[in-house]
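Numbering starts at 1 and runs along the sequence shown. One-based numbering, in listed order, for ligands and for the atoms of each.
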Amino acid sequence: MLLLDSHHFGRLSLANRIVMAPMTRSRASQPGDIPNALMATYYAQRASAGLIVTEGTPISPVGRGYSLTPGIYTPEQVAGWSGVTQAVHENHGKIFVQLWHVGRRSHESIAGQTPVSASSLKDPDKVYGPLPEGGFGMIETGVPRAMTLQDIQETIEEFVNAAAHAISAGFDGVELHGAHGYLIDQFMRVASNQRNDAYGGSQHNRMRFLIEVTEAVAQRIGSDRVGLRVSPFVTEGYAQVDPEIGDLTLKALEALAPLKLAYVHFSENISRYVEMPWEYRARARRLYPNPIMVAGKYTAASAEHMLRSGLADLVAFGQPFITNPDFVARVAKGSPLTPVNYEAHSTFYGGGAEGYTDYPEADVVTAPA
Ligand code: PHB
């Protein structure tokens with residue numbers, strides 16, 4: 001199986017092409033959004049993935065959009081992450097941290113201040129935060145403040161500092177979250193960017209923030225330690241499809257190609273998406289000759305098919321890794337998967353070990369006929 005082949009690019013050597021996709025699990029210690037021993041156990045259990053990409057990890061307090069997510073901007077958080085990377089490395093795994101700034105997909109009660117974005121335009125979605133009557137639940141996003149040029153420079157600096165923290169915490173690299181209607185994506189789309197300075201207007205201007213963040217982070221930690229996630233066919237955070245986002249994304253990838261990033265990661269399908277056409281995948285492959293990762297409800301069979309098509313090099317899996325810590329071994333042996341129990345959906349986000357570190361490995365050792 002191609003999925004089980006090793007992968008080498010730059011300094012990155014992966015034992016197989018199966019990636020654990022970034023997934024919010026909301027178990028950071030409070031106060032302080034600090035990664036902990038339970039999280040280290042969870043990731044170490046899944047270290048047989050060729051690469052793990054952690055849950056979205058805010059680079060700053062104002063970059064938070066969900067309660068209980070771990071950050072990477074305080075010394076305590078960096079120390080917590082060191083325990084996670086050590087546990088994964090002891091189990092011979094590789095791990096990137098996903099660097100996240102949610103921009104307008106937040107609320108003052110989560111971000112601690114008015115959320116920021118490219119423009120002062122509200123996100124049409126709700127977000128997970130504190131309820132006025134107590135407890136947590138879905139609340140309306142706040143109206144964001146438009147970032148000044150100085151805010152933009154400071155935010156680029158925060159991405160760079162977070163990447164430097166990641167390397168000092170022992171991560172093998174970072175994935176920049178440019179997908180799903182979060183800050184970087186907000187700069188790219190017309191519905192959220194109505195600036196009339198160098199960061200808005202033309203496609204060239206709307207991709208500027210993405211390019212500057214990526215270049216600055218690559219400059220600091222080395223481009224072969226930087227991945228980038230994009231989602232031109234996902235409408236999360238938007239009321240409708242942006243007619244230009246597909247083209248803009250390809251232009252940005254063309255501009256970034258000389259950097260030889262570790263990978264570009266297409267998130268194709270979370271809850272709301274438009275089918276990613278094969279013709280688009282082929283154009284991406286032509287314009288972007290470096291490693292491409294795909295994610296979005298793949299099965300081992302559809303992932304293998306995608307690798308065989310030559311249009312992707314790595315496939316990330318989300319929910320299968322929640323319930324199958326030994327997902328790679330099960331794929332290798334053809335063992336049945338433990339299905340996701342949607343009744344127990346409440347253990348996806350928040351809580352303790354239940355539904356997190358208590359999924360067993362398969363005891364089945366022979367492949368079914
Ligand atoms: C989520 O927590 O549901 C979530 C977070 C980040 C994403 C997508 C979904 O990019």
Starting from the N and O atoms of ligand 1, collect every protein N/O partner closer than 3.5 Å and put each pair on its own line with the distance to 0.1 Å.
{"unit_1": "ligand 1", "atom_1": "2 (O)", "unit_2": "Thr24", "atom_2": "OG1", "d": "2.7"}
{"unit_1": "ligand 1", "atom_1": "3 (O)", "unit_2": "Tyr349", "atom_2": "OH", "d": "3.4"}
{"unit_1": "ligand 1", "atom_1": "10 (O)", "unit_2": "His177", "atom_2": "NE2", "d": "2.6"}
{"unit_1": "ligand 1", "atom_1": "10 (O)", "unit_2": "His180", "atom_2": "ND1", "d": "2.5"}

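- Applying the salt bridge (Lys or Arg N to Asp or Glu O under 4.0 Å) test to pairs two or more places apart or on separate chains, those with a residue in residues 307-331 are Arg285-Asp313, Glu304-Arg308, Asp326-Arg330.
- Taking the charged nitrogens against the carboxylate oxygens, Asp185 and Arg189 do have a contact shorter than 4.0 Å, which makes a salt bridge.
- By the 4.5 Å side-chain criterion applied to Ile, Leu, Val, Met, Phe, Trp and Tyr, Ile110 is assigned to a cluster that also includes Val127, Leu131, Ile139.
- Applying the salt bridge (Lys or Arg N to Asp or Glu O under 4.0 Å) criterion to Arg105, with sequence neighbours excluded, gives Asp123, Asp125.
- When only modelled atom types and interatomic distance are considered, Gln45 and Tyr359 share no side-chain donor-acceptor pair under 3.5 Å.
- Across all non-hydrogen atoms, the minimal contact from Thr323 to Pro339 is CG2-O, 3.7 Å.
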